[in-house]
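Below you'll find the structure, written out as structure tokens, and then a few comments.
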Amino acid sequence: MANVVVVGAQWGDEGKGKIVDWLSERADVIARFQGGHNAGHTLVVGEKVYKLHALPSGVVRGGKLSVIGNGVVLDPWHLVKEIATIRGQGVDISPENLMIAENTPLILPIHGELDRAREEAASKGTKIGTTGRGIGPAYEDKVGRRSVRVADLADDATLEARVDRALQHHDPLRKGLGIEAIDRDALVAQLKEIASEILPYAAPVWKVLNEKRKAGKRILFEGAQGALLDIDFGTYPFVTSSNVIAGQAATGVGVGPGSIEYVLGIVKAYTTRVGEGPFPTELDDADGQRLGERGHEFGTTTGRKRRCGWFDAALVRQTCATSGVTGISLTKLDVLDGFETLKICVGYDLDGERLDYLPTAADQQARCTPIYEEMPGWSESTEGARSWNDLPANAIKYVKRVEELIECPVALLSTSPERDDTILVTDPFAD
Ligand code: GDP
Ligand code: IMO
Ligand code: MG
């Protein structure tokens with residue numbers, strides 16, 4: 001297969017970064033197609049640990065083209081800092097191997113301020129628990145047709161006109177929330193200053209990718225977040241502000257839907273969530289505590305403690321359907337080592353009725369209680385296992401049951417943060 005899309009199949013932090021880094025050895029181009037620096041991806045390669053937010057996770061391998069697509073919202077000041085940090089770790093990043101779509105909307109300081117002010121002003125039950133990075137307000141400006149985009153940085157008059165258009169909208173909003181007025185000239189000056197650092201990377205990505213595709217190059221489309229945070233199919237309104245599911249890969253870079261041949265869903269062997277919103281299998285007991293501790297479940301972007309719970313097969317079956325997942329990568333299996341009994345959610349009880357999917361209405365989601373099936377755990381260690389034969393019998397049974405319940409095969413299995421502690425079952429790039 002020439003092209004593979006990687007998407008998170010839960011609420012994010014499934015281990016997409018590790019898997020994209022691992023798979024990128026087989027790809028020519030790695031393209032981010034949505035989200036922004038709300039993402040946090042940790043890559044462990046030998047002694048080195050890379051923490052990526054805006055940069056595609058293929059960037060640490062040499063000889064690949066990394067692309068930031070138009071479906072992303074980009075904070076240019078953050079990107080410049082992230083490039084400097086990752087370069088400081090010995091990674092070569094230049095316009096030769098990093099490209100930013102010219103039609104990418106920018107995240108401006110006013111977006112982060114608005115995001116945080118709204119969260120502070122929110123009453124109990126309406127707070128989303130965002131990353132505070134301005135993602136929602138930046139996407140609002142995109143669909144409101146008042147974004148400043150990468151291409152606007154190239155011409156001073158255009159840039160000023162675009163900033164004025166955005167401020168026409170933001171000035172009254174800020175006033176209403178009690179945020180100080182914007183210094184328009186200072187913002188324009190800041191943008192003009194950063195322009196020279198961003199423009200060398202700007203390119204018509206749709207054109208470059210279409211040429212690569214025609215030349216038979218392999219493209220790896222990298223999704224951020226997870227399908228349950230999708231603006232349409234997630235647990236709305238406790239979601240992010242972009243489409244996260246695989247269909248977004250095409251519009252987020254400018255290729256046709258037929259360019260995508262394989263969708264790899266990244267699935268954690270249990271469930272976690274950061275921020276507010278429903279989470280049927282959440283555990284508020286010693287088992288939840290144990291998952292959090294063994295899995296080091298703290299956010300890469302905000303450092304917040306992640307909420308933890310049992311594996312929810314009903315939800316993953318649903319996200320495999322909305323993304324058309326071909327195969328999954330099951331990650332963090334090792335975190336389940338040592339549990340005497342494991343529970344898997346196979347459906348929900350809603351007011352006495354059994355459901356095999358999570359309903360859409362928020363009040364119904366809140367009333368859904370999980371229906372569990374139990375499986376015996378294993379006492380042996382799976383940490384660092386690199387072959388299927390190294391797995392204990394009960395771990396294999398667990399993986400097989402997950403496959404059955406979500407109706408999707410396991411293509412890859414991950415047993416530690418380290419790049420090479422990965423078991424290949426089926427190569428997503430194989431013809
Ligand atoms: P992403 O946002 O989907 O890229 O995931 P994050 O990087 O935010 O969170 C996943 C965390 O789990 C990172 O710290 C990874 O290093 C780590 N990780 C990934 N795969 C495994 C695994 O198989 N086992 C363990 N123990 N940790 C893993
Ligand atoms: P990666 O790519 C986990 C969550 C936030 C919040 C909601 C909205 O590392 O998997 P936003 O700032 O996007 O408006 O916040 O979405 N969220 C994530 N949770 N992993 C992520 O990314 C996330 N990106 C956003 O915690 O609940
Ligand atoms: Mg993450």
Side-chain angles (χ1 to χ4, degrees), residues 6-22 32 34-45 49-54 56-57 72-73 75 107 111-112 114-116 118-119 127-140 222-231 234-242 244 265-270 272-279 291 293-307 329-337 381-386 412-423:
V6 167
V7 285
Q10 291 151 316
W11 277 289
D13 302 325
E14 299 91 348
K16 299 176 293 296
K18 167 181 165 164
I19 300 298
V20 169
D21 166 59
W22 188 86
R32 270 282 303 268
Q34 51 69 235
H37 65 314
N38 49 348
H41 305 150
T42 301
L43 279 51
V44 181
V45 185
V49 178
Y50 305 95
K51 292 189 182 291
L52 302 173
H53 300 278
S57 299
V72 167
V73 281
D75 179 328
I107 301 179
H111 295 127
L114 185 57
D115 188 0
R116 295 186 291 273
R118 281 175 174 164
E119 285 283 276
K127 199 179 155 82
I128 288 164
T130 71
T131 58
R133 300 220 155 170
I135 305 297
Y139 276 117
E140 287 169 33
E222 178 184 12
Q225 287 81 55
L228 295 167
L229 291 169
D230 182 273
I231 187 73
T235 45
Y236 193 90
F238 303 101
V239 292
T240 192
S241 294
S242 64
V244 171
I266 313 299
V267 178
K268 203 180 275 192
Y270 50 100
T272 62
R273 167 162 212 173
V274 205
E276 307 298 320
F279 181 174
L291 288 171
E293 279 165 16
R294 287 189 52 89
H296 304 289
E297 296 296 354
F298 291 90
T300 314
T301 299
T302 58
R304 288 179 293 176
K305 203 166 175 236
R306 296 174 183 150
R307 301 155 63 191
S329 172
L330 193 67
T331 62
K332 301 192 102 165
L333 186 69
D334 54 296
V335 174
L336 299 182
D337 292 354
S381 170
T382 64
E383 193 184 339
R386 293 188 181 185
L412 294 167
L413 220 107
S414 169
T415 57
S416 101
E418 164 60 37
R419 178 191 271 174
D420 292 323
D421 290 340
T422 306
I423 301 173

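All figures in this text were calculated on a predicted structure; none of them were measured in a lab. Just so you know, ligand 1 is whichever comes first in the structure, and atom 1 is the first atom listed for that ligand.
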**Prompt:** So is there a nitrogen or oxygen of Thr240 less than 3.5 Å from a nitrogen or oxygen in ligand 2?
**Reply:** yes
**Request:** Using a 4.0 Å heavy-atom threshold (strictly under), name the region of Lys18 that reaches ligand 1: side chain, backbone, both or neither.
**Result:** side chain
**Asked** Side chains of Thr331 and Lys16: is there a donor and an acceptor less than 3.5 Å apart?
**Response** no
**Asked** Is Arg419 paired with Asp21 through a side-chain N to carboxylate O contact shorter than 4.0 Å?
**Response** yes
**Prompt:** So does Lys268 pair up with Glu297, basic N to acidic O under 4.0 Å?
**Reply:** yes
**Request:** Carefully, step by step, assess Gln10 and Tyr270 under the rule side chain to side chain donor-acceptor pair (under 3.5 Å).
**Result:** CA-CA 10 Å; Gln10 291 151 316; Tyr270 50 100; over 6 Å; no
**Complete:** Looking only at protein heavy atoms, what sits closest to atom 14 (O) of ligand 1 is Thr42 CB, 3.7 Å
**Item:** the Mg ion (ligand 3): protein N, O or S atoms [distance under 2.8 Å]
**Value:** Asp13 OD1, Gly40 O
**Test item, Arg273 contacting ligand 2 (heavy atom, 4.0 angstrom)** = no
**Prompt:** Are Arg133 and ligand 2 in contact, using a heavy-atom cut-off of under 4.0 Å?
**Reply:** no
**Message:** Polar contacts were defined as any N/O atom of the residue lying under 3.5 Å from an N/O atom of the ligand; does this apply to Glu14 and ligand 1?
**Reply:** yes
**Asked** Would you say Val44 and ligand 1 have an N/O pair spaced under 3.5 Å apart?
**Response** no
**Item:** Contact atoms of ligand 2, heavy-atom distance to Arg304 under 4.0 Å
**Value:** 5 (C), 26 (O)
**Item:** Distance filter under 4.0 Å to Gly129 heavy atoms, resulting ligand 2 atoms
**Value:** 5 (C), 6 (C), 26 (O), 27 (O)
**Message:** Please work out, at 4.0 Å between heavy atoms, whether the side chain, the backbone, both, or neither of Thr302 comes within that distance of ligand 2.
**Reply:** neither
